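Data first, discussion second: the structure below is written as structure tokens.
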Amino acid sequence: MSGGILAALGMLLASFATSLTHLYLSIGLLSGSGWALTFTPTLACLSRYFSRLRSLAMGLALTGVGLSSFAFAPLFQWLISHYAWRGALLLVSALSLHLVACGALLRPLSLTEDPAMGGPGAQLASLLHHGPFLRYTVALTLINTGYFIPYVHLVAHVQDLDWDPLPAAFLLSVVAISDLVGRVVSGWLGDAVPGPVARLLMLWTTLTGLSLALFPVARAPTALVALAVAYGFTSGALTPVAFSMLPELVGTGRIYCGLGLLQMVESIGGLLGAPLSGYLRDVTGNYTASFVVAGAFLLAGSGVLITLPHFFCFSARTSKPQNLVTVALDAKVPLPKEGLEED
């Protein structure tokens, strides 16, 4: 709920900006902080709600990212054409304020394993000495370094191939639609396919890396659209299993601290990936090296995933049952039996 207020406040102040510095402070600092306070706790909370169908729950929840990627860009352009950019930011601020209502609907759960985990300080210390968690963090940081490159440079790459701006932008819509489908399919497979989720995550990561590396090879429109579909599906597919796998590594009792630490570190990769890609474009004169290096980062992340526990074990379950819920914090009524107690 605090994140929703900060996100809305940042957009509101941005509508009064008179310089780029004002936008850095308003959208970059305030709204960025609000999105961080919204995204991470929501996913961590969701991880504690589900055990048996956690991957599917993550996939369905994260479809919002694909839907917004597909719909918001044209919506924002429409708002700008009717209300100018300041009015558009005011309306986006009002939309962001709905995050407060979303946060009010979340109910944190107390699990039987929580007391044994200690406070945030004890959890952080244990995570910093947790080998599988540290290796998983390295893997996702490498993945994040190359993951976002098409969203930043794909349109410019196809324009270098003499595409018009509108068809070039259409490729991102193709990516967004495929991303949406991939999240749901992967969430279902994460619970349906036997064995550790790490193997499924490695499969999606490898395919995403290969599709990125092949973008410079594709020249024909049909090949580029096919690669956009492949990249969108596989990059969307890796997201729900990446988040649903973390509770299996650190336990649901440490998921808040674990997910926060993971996202803080992996964001370094996302921060550095796009500038590195742009630098390679400036040095070489095209995006060939940019996409190949981006794909190499994802393949390197796939290699690290192989080192996780039980990766080669074929009898391990895809998800672990979590301990029963003992109390819903701030709730005065008993929880329904058919949902949480069965899980």
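Here the structure is a predicted model, which means the values were calculated and not measured. By convention here, the first residue in the shown sequence is residue 1.
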Checklist entry - If we only count heavy atoms from C-beta on, is the Thr205 to Thr208 side-chain gap below 4.5 Å? => result no
Item to check | Spatial distance of atom CG (Leu90) from atom CZ (Phe16) [nearest 0.5 Å] | outcome: 6.0 Å
Next on the checklist: Does the plane of the ring in Phe291 sit parallel, tilted or perpendicular to the ring in Tyr287? Use 30° and 60° as the thresholds.
Outcome noted: perpendicular
Checklist entry - Do the side chains of Phe215 and Thr288 get nearer than 4.5 Å, heavy atoms only? => result no
Next on the checklist: Quick one: does any side-chain atom of His82 pair with a main-chain N or O of Trp78 as donor and acceptor, under 3.5 Å?
Outcome noted: yes
Checklist entry - For the atom pair CZ (Arg281) and CD1 (Ile149), what is the distance rounded to the nearest 0.5 Å? => result 14.0 Å
Checklist outcome for this item: Closest non-hydrogen contact found for Leu298 with Gly209 is CB-CA, 3.8 Å
Next on the checklist: Could you go through Phe297 and Leu212, starting from their C-alpha distance and side-chain angles, then the distance that decides it, and tell me whether this counts as side-chain contact (heavy atoms from CB on, under 4.5 Å)?
Outcome noted: CA-CA 10 Å; Phe297 274 113; Leu212 277 175; over 6 Å; no
Item to check | Interatomic spacing from CG in Leu227 to OG in Ser178 - rounded to 0.5 Å | outcome: 11.5 Å
Checklist entry - With His130, which residues qualify under ring-ring contact (aromatic ring centres under 6.0 Å, His included), at least two apart? => result none
Checklist entry - So, the side chain of Thr307 versus the backbone of Gly303: is there a donor-acceptor pair under 3.5 Å, distance only? => result no
Item to check | Leu261/Thr137 under side-chain contact (heavy atoms from CB on, under 4.5 Å): CA gap, chis, key distance, verdict | outcome: CA-CA 9 Å; Leu261 182 59; Thr137 302; over 6 Å; no
Next on the checklist: Would you say that Leu67 contacts Leu180 through its side chain, given a criterion of any heavy-atom pair below 4.5 Å between the two side chains?
Outcome noted: yes
Next on the checklist: Do Pro221 and Trp163 have side chains that approach each other closer than 4.5 Å (heavy atoms only, starting at C-beta)?
Outcome noted: yes
Item to check | Verdict with reasoning, Thr42 to Leu46, per side-chain contact (heavy atoms from CB on, under 4.5 Å) | outcome: CA-CA 6 Å; Thr42 301; Leu46 187 63; 5.7 Å; no
Next on the checklist: Does Trp188 have more than 12 heavy atoms from other residues, nucleotides or ligands lying within 6.0 Å of its CH2?
Outcome noted: no
Next on the checklist: Within the structure provided, determine whether Leu154 and Leu224 are in side-chain contact (heavy-atom separation under 4.5 Å).
Outcome noted: no
Checklist entry - Which heavy atom of Ser31 sits nearest a heavy atom of Met11, and at what distance? => result OG-N, 3.3 Å
Checklist outcome for this item: With Met202 as partner, the option from Ile306, Leu238, Val197, Leu308 fulfilling side-chain contact (heavy atoms from CB on, under 4.5 Å) is Ile306
Checklist entry - Is the number of heavy atoms from other residues, nucleotides or ligands under 6.0 Å of Tyr24 OH greater than 12? => result no
Next on the checklist: Please determine whether residues Leu214 and Val152 belong to a single hydrophobic cluster, defined as Ile, Leu, Val, Met, Phe, Trp and Tyr linked transitively by side-chain heavy-atom distances below 4.5 Å.
Outcome noted: no
Item to check | CG-SG distance between Leu259 and Cys45, expressed to the nearest 0.5 angstrom | outcome: 11.5 Å
Checklist entry - Are Ile27 and Tyr83 connected in a single hydrophobic cluster, I mean Ile/Leu/Val/Met/Phe/Trp/Tyr linked by side-chain heavy atoms less than 4.5 Å apart? => result yes
Checklist entry - Under 3.5 Å, side chain of Arg54 to main-chain N/O of Ser47, donor-acceptor pair present? => result yes
Next on the checklist: Using only atom types and a distance under 3.5 Å, with no angle test, would you say the side chain of Arg86 pairs donor to acceptor with the backbone of Ser15?
Outcome noted: yes
Checklist entry - Quick one: are Asn286 and Asp160 in side-chain contact, heavy atoms under 4.5 Å? => result no
Checklist entry - Are the side chain of Ser235 and the backbone of Gly232 linked by a donor-acceptor contact shorter than 3.5 Å? => result yes
Checklist entry - Where is the tightest heavy-atom contact between Cys257 and Gln123, given as atom of each residue plus distance? => result CB-OE1, 3.5 Å
Next on the checklist: Quick check: closest heavy atoms across Ala198 and Met245, and the distance to 0.1 Å?
Outcome noted: CB-CE, 3.4 Å
Next on the checklist: Please give me the minimum heavy-atom distance between Pro240 and Gly187, naming the atom from each residue.
Outcome noted: CG-N, 4.2 Å
Checklist entry - In chain order, what residues pass the side chain to side chain contact (heavy atoms under 4.5 Å, CB included) check against Leu105, with sequence neighbours excluded? => result none
Item to check | Hphob cluster co-occupancy, Val265 + Leu246, side-chain heavy atoms under 4.5 angstrom | outcome: yes
Item to check | Backbone of Gly273 reached by a side-chain donor or acceptor of Ser277 within 3.5 Å | outcome: no
Next on the checklist: My understanding is that only residues two or more places apart in sequence, or in another chain, count here; which of them pass side chain to side chain contact (heavy atoms under 4.5 Å, CB included) with Leu60?
Outcome noted: Leu56, Val184
Item to check | Verify same cluster id: Leu262, Leu128 (apolar side-chain graph, 4.5 Å) | outcome: yes
Checklist entry - When the ring planes of Phe243 and Phe39 are compared, do they come out parallel, tilted or perpendicular, using 30° and 60° as the limits? => result perpendicular
Next on the checklist: Quick check: is Leu91 connected to Trp35 through a chain of hydrophobic side chains (ILVMFWY, heavy atoms under 4.5 Å apart)?
Outcome noted: yes
Checklist entry - Can you find a heavy atom in the side chain of Pro132 that is under 4.5 Å from one in the side chain of Arg135? => result yes
Checklist entry - Any donor-acceptor pair under 3.5 Å linking the side chain of Asn144 with the backbone of Gly269? => result no
Item to check | Between CG on residue Leu13 and CG on residue Leu89, distance to nearest 0.5 Å | outcome: 11.0 Å
Checklist entry - Would you call the rings of Tyr147 and Tyr231 parallel, tilted or perpendicular if under 30° counts as parallel and over 60° as perpendicular? => result tilted
Item to check | Heavy-atom pair with the smallest gap, counting every atom of Arg48 and Gly253 | outcome: NH1-CA, 3.9 Å
Checklist entry - Once you round to the nearest 0.5 Å, how far does CG of Leu30 lie from CG of Leu6? => result 6.0 Å
Checklist entry - Does the pair Ser290 and His153 meet the rule for a side-chain contact (heavy atoms from CB on, under 4.5 Å), with working shown? => result CA-CA 9 Å; Ser290 301; His153 294 301; 5.6 Å; no
Checklist entry - Do the non-hydrogen side-chain atoms of Ser244 and Val241 ever get within less than 4.5 Å of each other? => result yes
Checklist outcome for this item: side-chain contact (heavy atoms from CB on, under 4.5 Å) with Trp204: of Thr239, Ile143, Leu189, only one passes, and it is Leu189
